[in-house]
Each structure stands twice: as C-alpha cells, then as structure tokens.
Amino acid sequence: MSDDGWSSMGGYMEAKIQKLEKQFQEKSSRNEQLSSIFNKVAIHVNGYTNPTADELKTLMAKHGGKYHAYYNRKINYTTHVIASNLPRAKAKDLKPNQKIVRPEWIVESITAGTLLPIQPYLLVANSSVSRQKILTSKKEGELLDAFFSSNPSTSKCIEDTTPQVKPEAGENTPQCSTVVANHVNQQANSRTSKIAATTDSGFLDEFYANSRLHFISTWKNDLADFFKVTVTKQSTSYWKRRIIEIDERAKSKVIMHIDMDCFFVSVGLLSRPHLKGRPVAVTHHSSYSEIASCSYEARAAGLRNGMFYGRAKELCPDLIAIPYDFEAYKDISQKLYTVLASYTQSLEAVSCDEALLDVTQLVEDTSLTPQVIAQNIRGKILDATGCNASAGIGPNIALARMATRLGKPNGQHEVTLQQAEEFIRDLPVKDLPGVGRATASRLRELGASTCGELQKIHPDLLKKEFGNKTGQKLHELSKGIDEREVCQSKERKSVSADVNYGIRLKTEDEMKTFLNNLSNEVSSRLKKTGLSGKKITLKVMVRHSDAPVETAKFKGHGVCNSISRSKNLNEYTDDCDIIGREGITLMKSLQLNVTDLRGIGIQLSTLTSTSSLSKSRLSIQQFIKKGKSCRKSSDMQIITPEKKIDSEKKNVRLMILPSSVLLIPSHSNDSINTSFLDALPEELRKEIEKDYKAQKNALQQ
DNA sequence: ATCCTCCCCTAC
DNA sequence: TAAGGTAGGGGAGGAT
Ligand SMILES: Nc1ccn([C@H]2C[C@H](O)[C@@H](COP(=O)(O)OP(=O)(O)OP(=O)(O)O)O2)c(=O)n1
Ligand SMILES: [Mg+2]
Ligand SMILES: [Mg+2]
C-alpha cells in the first residue's frame with residue numbers, strides 16, 4: 001500500500017541532486033571546492049524553490065559561487081536572483097533590470113560542468129509556459145516529478161561530522177553567507193549599539209531578521225502560496241474530479257491534522273543528534289528570552305513554548321538552549337509541504353509546521369483506512385525531513401486537532417464520530433480549539449473546567465455570557481461539533497506590520513521617522529501581495545501609568561494599554577508616503593507622550609487588488625468582480641456551494657477609483673449624478689454613495 | 001437590522 | 001540583553 005500512486009516517484013531533479021551529493025561524498029571533505037563554475041556568481045534565492053534555498057546555498061559553496069541570504073541592490077553585488085515563480089520574485093524591490101533565473105540553471109550548470117547561458121532559464125511573465133518549453137522532451141509525469149516530486153531520498157539530513165559544541169555560541173546570523181559568517185558576525189556585534197536606537201534605519205530590518213514570530217507568520221502565507229502552485233501544476237484531471245464530487249458530499253468527512261513535533265527543536269537536533277533525548281529548547285540564553293520550542297523531555301519538567309528562559313531554567317536546571325536557525329526551519333517546512341502536496345489538493349496551511357487535510361476523497365479512492373494513510377504520510381515526512389510528525393484524525397477539524405494532541409509525540413490518534421462525545425468529556429475546556437486563557441477562565445467561573453461540564457451549560461446562558469456566535473460555538477465544540485471546512489485559501493482582509501519590541505522614542509521627530517519607516521514596510525508588503533487598502537489603522541501600546549519606565553525584559557513593552565485608531569482613506573493606496581502621513585496624523589490625534597510608546601503597528605484593510613485600480617473609470621463593470629476570484633487570476637480554490645452563496649453578498653466589492661475624480665463634481669452639491677449608477681446593483685450603489693459622503697466630509701474639514 | 005469603530009481573544 | 005508578529009473572529013455600543 002505504501003507504493004501505490006503517489007509514493008516514491010524518482011524525481012528528475014532529485015536524481016540530479018543525489019548524483020551531485022554523491023560526488024561530494026566521494027570527495028569527502030566538507031569544505032573542498034568541487035569546481036569554480038560560479039566564480040563570478042552571487043545568488044539570492046527568492047521564495048520557495050526546488051532545490052531548496054539551503055541546498056542551493058550548499059551547491060554554490062561547493063562550486064565557487066556566493067550565496068546572499070538577503071538581496072543586495074548594489075551594482076554587481078547580487079548577480080542573479082533565483083526564483084521559481086514570479087509573483088513573489090516581483091515582490092522584492094529588485095534592481096530595475098534584475099535577471100530572475102530559475103533554480104534549474106544552477107543544477108544543470110553543475111551537471112554540465114560549466115556555466116550554462118541563463119537565457120533558457122530566465123523566469124518570464126508566465127513561468128509555467130517557459131518551464132514547459134525547457135522540458136518539452138519530458139513526459140508530463142516526469143515533468144511533475146522533476147519539480148514537485150515528494151521523493152525524499154536525497155534529502156536525508158546531512159550529517160554534521162563535527163559534533164557541535166554545546167549552546168554557548170549563540171551565533172545566529174541568518175543574514176550572511178557561510179563564507180563570511182564570522183567576519184560579519186563581528187560586524188553585527190560592533191554595530192549593535194548603533195542599531196539599537198528605534199529610529200535607526202537598520203532597526204526594522206534587524207528586528208524582523210530575528211523575530212521568530214515574524215518569520216512563522218510570513219512562512220505560513222508563503223507556504224500556502226507554495227502549496228497552491230505545487231498542487232495546481234500536479235494533476236488537472238484529479239482536480240476537476242474533486243470539484244465535481246465536492247457537491248455530493250453529505251456524508252461524513254475524514255479530516256487529518258498533521259503537526260511536527262517540537263518543530264524548531266527537532267530541526268535544531270538534526271545537526272546535534274547527540275542532544276536527542278535531553279531537555280532542549282530553542283531560545284536565546286537570557287532570562288527574559290522566550291522559549292520558541294522545547295523538547296518533550298523538557299516539557300516533562302513543566303516547560304512550555306512561549307515561557308521565559310529564566311523560569312524554564314528554574315523548572316529544569318539541565319535545560320540545554322540551542323540557537324535559532326531560521327533558514328533551516330523554512331527549508332524543512334517546505335519539505336513538509338512538498339510531501340503533503342503529493343497526497344491531496346485539499347489542504348489548509350495552519351502554520352509552518354502544521355496543516356489540515358481533508359482526506360475524505362482520498363480514503364474513498366484508495367480504500368485505505370485513515371490510520372494507514374496517516375502512517376504513510378508521517379513516514380514520508382520523516383524521510384524527507386528527518387523530523388517526527390504527529391497526526392490526528394477526526395470527522396471534523398476540531399476533533400482532528402484535539403486528536404493530534406493525544407497522538408503526540410511521534411504518534412497518531414483517531415477519533416470517530418461515535419467516540420467523539422466520550423473522548424471530549426474529560427478534556428479541559430482549554431483544549432478546545434479557540435478556547436484560550438481568557439475564555440477558559442471565564443468558563444471556570446461558570447463552573448465549566450472540563451468539556452463535560454461545558455456540555456451541561458445551557459446554550460442560552462453561553463450566548464448570554466459570550467455573545468451569540470461565540471456561545472453557540474462553545475456549545476457545539478463541547479459536543480465535538482465543528483462545521484468548518486478545510487479551506488485552501490482565504491481572501492486576505494488586512495496587511496499590517498507591528499513592532500512591540502525595542503520601541504523607545506524620545507521626540508516627536510523620532511516618532512515620525514519611525515512611522516515613516518514602518519509605513520515603508522507596510523507599503524512593500526502591500527506591493528508584494530499586489531494589494532491596496534482604503535482603511536488605515538494605527539495600533540499602539542502605551543506604557544501603563546503604573547508600569548515602570550524600565551521594563552524587566554530588555555527592550556520589552558512591559559505592562560501596557562493597547563489603543564487603536566482608524567481612518568477611512570478616500571482612495572485605495574499602497575503608497576508609502578500616504579500611509580506614513582496618515583499614520584502620523586492618527587498618532588497625533590491620540591495625543592500621547594511619545595516617550596510612553598512601547599509598541600507601534602500599522603494595518604491596512606478594506607483591500608482591493610492594485611491592478612484593478614485602473615486610471616480609466618470608463619467601464620465600471622469591468623472592475624466589479626466577485627471578491628473571491630478577483631485578486632489572483634490563477635487562484636484555484638475549492639469553494640463549496642453553500643459557502644459561496646452565504647458569502648456572496650459580502651464579497652461583492654467595488655473596485656473603481658480614484659474616486660475623487662469620479663465622484664466629486666467641481667460644484668459640489670448634495671446629489672450625485674446617478675444616471676450611470678442606476679444600472680448597478682443596490683449594494684454597489686450604496687457603496688458608491690458612502691464613498692461620496694466620506695469624500696464630502698473630508699473636503700469640508 | 002446593519003454598519004462602524006475600537007477593542008479583546010486566539011493561534012502558530 | 002533580545003528580537004513580545006500577524007491575521008482573523010467576533011463582541012459592545014453607538015450611528016445610521
Ligand atoms: N509561543 C510560540 C509557539 C510556537 N512557536 C514556533 C516554534 C514552534 O516549534 C513552532 C510550531 O509551534 P507548535 O505549536 O506546533 O509547537 P511545537 O512544534 O514546538 O511543539 P508540538 O510538538 O506541541 O507541536 O512555532 C514560537 O516560536 N512561539
Ligand atoms: Mg508542532
Ligand atoms: Mg504547530
């Protein structure tokens with residue numbers, strides 16, 4: 001059973017890589033240079049590629065090239081940007097004529113033993129077209145294998161022959177290539193005091209380059225995209241079949257939840273196998289540093305992810321701290337998703353180490369039991385990543401997720417519909433997905449610490465206490481009911497950038513500088529996703545009046561009040577200057593003492609795709625689309641019929657503008673000339689009128 | 001009723 | 001030292 005259909009496809013690219021790795025091993029020495037093919041080449045890898053960024057880095061090192069973890073705009077510095085798909089490559093602010101080359105150029109150059117011309121490998125507007133051109137000689141199956149095979153045989157963890165010295169190193173410089181690691185590291189240190197100031201230009205970059213939460217948030221989106229691309233290319237016929245069959249689904253579903261065990265730690269241990277079985281945590285070694293992930297041995301002592309290192313050390317004096325390795329996490333995540341993509345199209349990316357799969361169809365098609373499928377998937381993940389994954393199986397998302405907890409570590413668990421109520425009865429309410437500290441505490445006050453107790457609370461009381469929807473949800477969850485669908489991709493509703501660390505501003509000017517820098521960040525994120533927003537929200541954390549000026553945690557925010565203020569702009573925008581200006585205005589309106597600011601964030605919502613903001617407003621109809629599909633033409637998704645109907649109204653969006661030109665007549669009077677509006681549906685007209693009003697208000701100010 | 005703004009909560 | 005981000009769901013209460 002492990003060999004039918006999807007399993008072990010001999011990938012074209014994998015075969016090549018494997019061969020290359022054999023070469024390395026034959027030449028043995030890790031640092032030996034195999035060639036100098038890429039003598040004058042310095043690459044930067046953009047987005048997800050096959051081979052992965054990490055593998056490309058190794059290949060470059062072995063063949064005389066340079067690898068830049070960060071794109072460098074300086075002339076002749078980064079010579080080639082490597083990417084597999086265009087949207088994400090376009091995202092970065094590349095040099096005007098920056099050549100973007102597909103990763104196969106590297107691999108095939110090495111195979112050929114010489115630097116091949118980049119022409120055939122250039123990434124052009126429609127990447128899939130050029131891709132097929134290059135490989136016309138391949139049959140479709142091989143083509144798929146070549147780029148998307150899940151065969152993991154080549155990616156066995158590369159044994160680091162030199163056993164790592166313990167943790168002290170604290171080295172952590174994802175932003176520099178291996179060659180110059182030490183040198184740059186020193187530089188970074190000597191720079192530290194300068195960069196520390198909140199307003200320095202390097203502050204944001206430095207922060208985001210080291211923020212784990214920023215990374216995992218970013219990766220989640222990237223992986224969802226990566227998965228979408230992968231799956232879209234994989235099998236058209238299966239895809240079509242899937243869409244049709246989703247209609248006649250009235251029977252019970254099989255949902256599978258896959259989650260890597262102590263993800264950051266597991267990845268860290270790949271190069272530190274001697275630490276397996278010991279209490280290990282990924283963290284900086286300082287008492288107010290947060291633990292990103294800790295091993296199960298550490299959890300036995302009461303440690304939890306998110307805990308401060310100081311407290312963790314009290315609970316577990318033997319705790320071993322290992323440093324972050326963001327590139328490796330990203331790499332392993334990609335491998336995880338590559339494996340998952342070979343099983344199903346129906347996947348929801350939960351995070352970089354976790355996904356939901358609707359395997360209903362797969363179970364039916366293969367007549368395998370969900371348990372067997374889970375076993376198979378977990379085996380493939382282990383092969384591909386060297387790390388353990390656990391799985392939960394259930395008739396809905398909530399139960400599948402709860403089942404995973406039972407399966408962990410390195411195991412799996414299935415909850416059937418029949419077992420559901422009993423399974424759930426003795427669990428603490430905190431274990432229900434969506435119930436966190438605050439809700440659990442309020443429930444405890446209502447006498448419900450366990451799900452069984454929650455089941456007995458009348459839904460009306462829950463609705464009264466928590467509101468209609470939340471009350472209903474709590475009631476259903478307590479009985480193991482969860483109607484949500486596994487959803488491949490949802491429409492983005494906001495784009496934001498927040499910094500609640502290291503914010504220490506002295507003057508109003510510094511505040512402005514920082515907001516401008518942050519606006520720049522938000523602006524490039526909007527551009528990266530091709531979106532523009534109409535509503536801007538400023539979020540700030542302000543030192544609580546009782547809280548000391550010096551926080552316990554170095555550069556932490558301490559005890560704060562959160563405040564947000566938003567404004568509806570008159571136009572959709574992704575413009576850094578506008579966002580900065582509006583952000584500053586909002587900040588001023590709050591009348592705060594800038595020295596008390598401890599966190600600042602800017603969010604744009606009410607989004608539309610920038611490409612739809614055509615300058616010509618002649619044919620309005622052309623810009624009015626259904627929300628779900630308007631943004632990305634290539635966006636293939638599973639939309640269930642009932643959901644579509646339900647959300648149709650809300651998703652109708654207006655994409656005209658700039659509205660200032662459209663709506664405001666020079667002799668501003670109260671009524672719009674609505675002759676052309678009459679043809680539009682009611683909602684659209686209302687929205688236009690609303691816009692009109694907003695503009696008028698703005699003008700009157 | 002429904003929408004809007006300003007929260008709070010949750011998850012990784 | 002230390003890197004406490006980010007997106008979405010949804011409630012309260014006021015405006016429409
Ligand atoms: N407070 C947190 C929680 C998580 N993470 C990161 C590190 C984790 O390794 C990764 C995945 O989160 P999980 O909740 O899946 O936790 P683990 O994978 O570490 O452990 P588990 O075995 O419980 O899944 O996200 C983090 O940085 N900070
Ligand atoms: Mg995990
Ligand atoms: Mg997880």
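Here is the naming used below: chain letters follow the sequence lines, and residue numbers restart at 1 for every chain. Values below: every heavy atom of this structure, side chains too, minus hydrogens, waters and symmetry copies.
A straight line from CD1 of A:Ile563 to C1' of B:dC7 spans 11 Å, rounded to a whole angstrom. A:Leu443 has its CG atom 14 Å from the C1' atom of B:dT10, to the nearest Å. Between the OH atom of A:Tyr208 and the C1' atom of C:dA3 there is a distance of 11 Å, rounded to whole Å. Atom pair A:Leu538:CG and C:dT6:P shows a separation of 15 Å (rounding to whole Å applied). Straight-line distance from the CG atom of A:Asp498 to the C1' atom of C:dA7: 10 Å, rounded to whole Å. Separating the CD1 atom of A:Ile536 from the P atom of B:dT5 is a distance of 13 Å, rounded to the nearest angstrom. Rounding to whole angstrom units, CG of residue A:Asp431 and C1' of B:dT10 are separated by 14 Å. Protein atom OH of A:Tyr329 is 17 Å distant from nucleotide atom C1' of C:dG5, rounded to whole Å.
Under 4.0 angstrom from either OP1 or OP2 of B:dT10 there lies no side-chain N or O belonging to A:Arg437. Of the side-chain N and O atoms in A:Ser289, none sit less than 4.0 angstrom from OP1 or OP2 of C:dT1. For the OP1/OP2 pair of C:dG4 and a distance below 4.0 Å, the side-chain nitrogens and oxygens of A:Arg212 include at least one atom meeting the criterion. Proximity of A:His214 to the phosphate of C:dT6: a side-chain N or O atom is located under 4.0 Å from OP1 or OP2. Phosphate contact (OP1/OP2 of B:dC12, side-chain N/O of A:Arg401, threshold under 4.0 Å): present. Remark: A:Asn305 is not in phosphate contact with B:dC12, judged by side-chain N or O atoms under 4.0 Å from OP1 or OP2. Contact between the side-chain N/O atoms of A:Lys469 and the OP1/OP2 oxygens of C:dG10 is found at a separation under 4.0 Å. Taking 4.0 angstrom as the limit, A:Lys473 places a side-chain polar atom (N or O) nearer than this to OP1 or OP2 of C:dG10. Taking side-chain N and O atoms only, A:Thr439 has a distance below 4.0 Å to OP1 or OP2 of B:dT10. Note on A:Ser496: a side-chain N or O is less than 4.0 Å away from OP1 or OP2 of C:dA7. Remark: A:Lys535 is in phosphate contact with B:dT5, judged by side-chain N or O atoms under 4.0 Å from OP1 or OP2. Of the side-chain N and O atoms in A:Arg565, none sit less than 4.0 angstrom from OP1 or OP2 of B:dT5.
Side-chain contact annotation: A:Ser532 with A:Thr610, donor-acceptor N/O pair under 3.5 Å present.
At the heavy-atom level, A:Gly556 lies under 4.0 Å from base atoms of the strands shown. Contacts of A:Gly558 with the nucleic acid, taken as non-hydrogen atoms under 4.0 Å apart, include base atoms. Across all strands shown, A:Lys553 has heavy atoms under 4.0 Å from base atoms, whether or not it also approaches the sugar-phosphate. Across all strands, A:Glu354 comes closer than 4.0 Å only to sugar-phosphate atoms, never to a base (heavy-atom distances). Within the 4.0 angstrom heavy-atom criterion, no nucleotide atom of any strand lies near A:Lys463. In this structure, A:Arg442 reaches neither bases nor backbone, as no heavy-atom distance under 4.0 Å exists between it and the strands shown. If you check every strand for non-hydrogen atoms under 4.0 Å, A:Arg525 touches sugar and phosphate atoms only. Residue contacts for A:Asp353: at a heavy-atom cut-off of 4.0 Å it reaches the sugar-phosphate backbone alone, with no base atom in range. Residue contacts shown for A:Thr537 are absent, as no nucleic acid heavy atom lies under 4.0 Å away. Note on A:Tyr309: nothing from the nucleic acid sits closer than 4.0 angstrom, heavy atoms only.
By the ring pair (Phe, Tyr, Trp, His ring centres under 6.0 Å) test, A:His214 is found to be paired with A:Tyr208, residues two or more places apart in sequence or in another chain being considered.
The nearest heavy atom of DNA chain C to A:Glu521 and to A:Thr470 marks one nucleotide each, and the one closer to the 5' end goes with A:Glu521.
Among the nucleotides B:dC12, B:dT5, C:dT6, the one closest to the side chain of A:Ser566 is B:dT5. Here C:dG8 is the nucleotide among B:dT10, C:dG4, C:dG8 with the atom lying nearest to any side-chain atom of A:Lys493. Comparing B:dC7, C:dT6, C:dA7 against the side chain of A:Ser494 picks out C:dA7 as the nearest.
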Where do N or O atoms of nucleotides 13-15 of chain C meet protein N or O atoms at under 3.5 Å, pair by pair?
none

Would you mind writing out the side-chain donor-acceptor pairs for residues 556-566 of chain A within the sub-3.5 Å range, not counting sequence neighbours?
none

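C:dG4 has A:His557 stacked on its base ring, the centres lying under 5.5 angstrom apart and the planes within 30 degrees of parallel.
Using bins of under 30°, 30° to 60° and over 60° for the plane-to-plane angle, the ring pair A:Phe207/A:Phe203 lands in the parallel bin. Using cut-offs of 30° and 60° on the angle between ring planes, the pair A:Phe308 and A:Tyr288 is perpendicular.
Between A:Arg401 and A:Glu354 a salt bridge is recorded (basic side-chain N to carboxylate O distance below 4.0 Å). With respect to the salt-bridge test (charged N to carboxylate O, under 4.0 angstrom), the residues A:Lys335 and A:Asp331 qualify. The pair A:Asp259-A:Lys408 meets the salt-bridge criterion, since a charged nitrogen lies less than 4.0 angstrom from a carboxylate oxygen.
Side-chain contact between A:Leu538 and A:Ile602 is present, with at least one heavy-atom pair separated by less than 4.5 Å.
Figure legend: A:Arg212 and A:Phe215 shown without cation-pi pairing, the cationic atom not lying both under 6.0 angstrom from the six-membered ring centre and within 45 degrees of its axis.
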